[in-house]
Amino acid sequence: MDDHNKRVIETALLCAQEPLTVADLTRLFAEEIATGEIDDALLELQKAWEDKGMELVHIATGWRFQSRLAMREYLDRLTPEKPPKYSRAVMETLAIIAYRQPVTRGEIEEIRGVAVSSNVMKQLEDRGWVEVIGHKETIGRPGLYATTKQFLDDLSLTNLQSLPMLEDAAPMAAAEQLDQAVMEFDPSANVETVIELDENGQPIIQSASEELANEESSNEESSNEEIEIADDEISEETSEEVEEVTPEPEDKSDEQK
């Protein structure tokens, strides 16, 4: 792309009040321009502004120019109004929604251990950071909260994968998988799941239903053995009684003869 077209794209991005997508930028030109050329022009512009106070960034809703973080302390002197400060409850609720979305209000309360105020949710919704994207198919059909593109734009993020990784994310995921595995048991069983370790130290999960089946089979075998022994004893006693009680021959008396 020639310098003139790059200058057109640069001017449009500087004057735009909202981020512009590649599709928006293609409408700047009467002739048809491939999206690949616009992508290349954006990367060239991004490189050209590396040593300036402004930077060209790609966010969730498109491309935009914004001031660098190092310029914030100077620009804040032009705006005497201080940015709004949010309470710890608001930030904790926002973090839970961002990392666990979609999530219900009840699930947020379960994680935080306290009730979530309606004012907290209203602040996040009024700021345009969270919204209800559906309802969970359970009793009461509670709303499912998730973050918005405005949330990503305000944090200069392209997508949710750009969120900083939590230090304990891996252990939490492993614990959840283990918890799910342990909780898979037969509802009809009345004993808890047993976890054993194999030779490699990996958990061998034996469900309560398997334990119950093993116990029933062992009980059944032992009962069969007892029944066989009892039958043998009964047969022996019966044979002894038959041998002891033998019918005496009838002797006719002389008188009858």
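Residue numbers start at 1 and run along the sequence shown.
The CD atom of Gln46 lies 9.0 Å from the CZ atom of Phe65; values are rounded to the nearest 0.5 Å. One distance of note links CG of Leu56 with CD of Glu10; it measures 9.0 Å at 0.5 Å rounding. Here the CG-CG distance, from Leu78 to Leu75, works out to 6.0 Å after rounding to the nearest 0.5 Å. Interatomic distance, NZ of Lys52 versus CD of Glu50, reported as 10.0 Å (0.5 Å rounding). With values rounded to the nearest 0.5 angstrom, Glu92 atom CD is found 11.5 Å from Ile108 atom CD1. If you take OH on Tyr86 and OG1 on Thr93, they are separated by 13.0 Å, rounding to the nearest 0.5 Å.
Taking the salt bridge (charged side-chain N to carboxylate O under 4.0 Å, His left out) definition, one finds that Asp39 meets it with nothing, sequence neighbours left out. In this structure Gln101 satisfies the side chain to side chain donor-acceptor pair (under 3.5 Å) test together with Thr147, sequence neighbours excluded. Remark: Glu37 pairs with Met1, Ile33, Ala34 by the side-chain contact (heavy atoms from CB on, under 4.5 Å) rule, at least two apart or across chains. Asp51 is linked by a side-chain contact (heavy atoms from CB on, under 4.5 Å) to nothing, counting only residues two or more places apart in sequence or in another chain.
Under a cut-off of 6.0 angstrom, the local environment of CZ in Arg77 is crowded, with over 12 non-hydrogen atoms contributed by other residues, nucleotides or ligands. With a 6.0 Å radius and a threshold of 12 heavy atoms from other residues, nucleotides or ligands, Glu110 has its CD atom at or below the threshold. Summarising the local packing, NZ of Lys6 is surrounded by more than 12 heavy atoms from other residues, nucleotides or ligands at distances under 6.0 Å. More than 12 heavy atoms of other shown residues, nucleotides or ligands fall within 6.0 angstrom of atom CD in Glu31.
Defined by atom type and a distance below 3.5 Å, a donor-acceptor pair is present between the side-chain atoms of Arg105 and Ser118.
For the side-chain contact (heavy atoms from CB on, under 4.5 Å) criterion with Leu13, the lone passing option out of Leu42, Val8, Asp24 is Leu42.
Between Tyr99 and Pro164, the shortest heavy-atom contact is OH-O, 2.6 Å. Val130 approaches Thr148 most closely through the heavy-atom pair C-CG2, 3.9 Å. Nearest heavy atoms, Thr158 versus Leu152: O-CD1, 4.2 Å.
Contact check on Asp154 versus Arg127 returns a salt bridge, with a Lys/Arg side-chain nitrogen under 4.0 Å from an Asp/Glu carboxylate oxygen.
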All N/O donor-acceptor pairs, side-chain side in residues 131-140, below 3.5 Å, sequence neighbours left out:
from	atom 1	to	atom 2	distance (Å)
His135	ND1	Arg141	O	3.2
Lys136	NZ	Glu107	OE2	2.7
Glu137	OE2	Arg141	NH2	3.3

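Counting only distance, with no hydrogens or angles, the side chain of Asp40 and the backbone of Leu43 share no donor-acceptor pair below 3.5 Å.
Annotation: side chain of Tyr145 is not in contact with side chain of Leu94 (no heavy-atom distance under 4.5 Å). Between Glu18 and Asp153, the closest side-chain pair of non-hydrogen atoms is not below 4.5 Å. Using a 4.5 Å heavy-atom cutoff, the side chains of Leu144 and Thr104 are in contact. In this structure, the side chains of Gln66 and Pro19 stay at 4.5 Å or more apart for every pair of heavy atoms. Side-chain contact between Thr35 and Ile38 is absent, with no heavy atoms from C-beta onward closer than 4.5 Å.
Two different hydrophobic clusters hold Leu155 and Met71 under the rule that ILVMFWY side chains link at heavy-atom gaps under 4.5 Å. Criterion: ILVMFWY side-chain heavy atoms under 4.5 Å apart, direct or through other members. Under it, Ile111 and Val114 are not part of a common hydrophobic cluster.
Annotation for Val57: hydrophobic cluster partners, listed by chain and number, are Ile59 (ILVMFWY side-chain heavy atoms under 4.5 Å, direct or chained).
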Checklist entry - So Phe29 and Ile9, side-chain contact (heavy atoms from CB on, under 4.5 Å) or not? Walk me through it. => result CA-CA 10 Å; Phe29 309 100; Ile9 294 175; 3.8 Å; yes
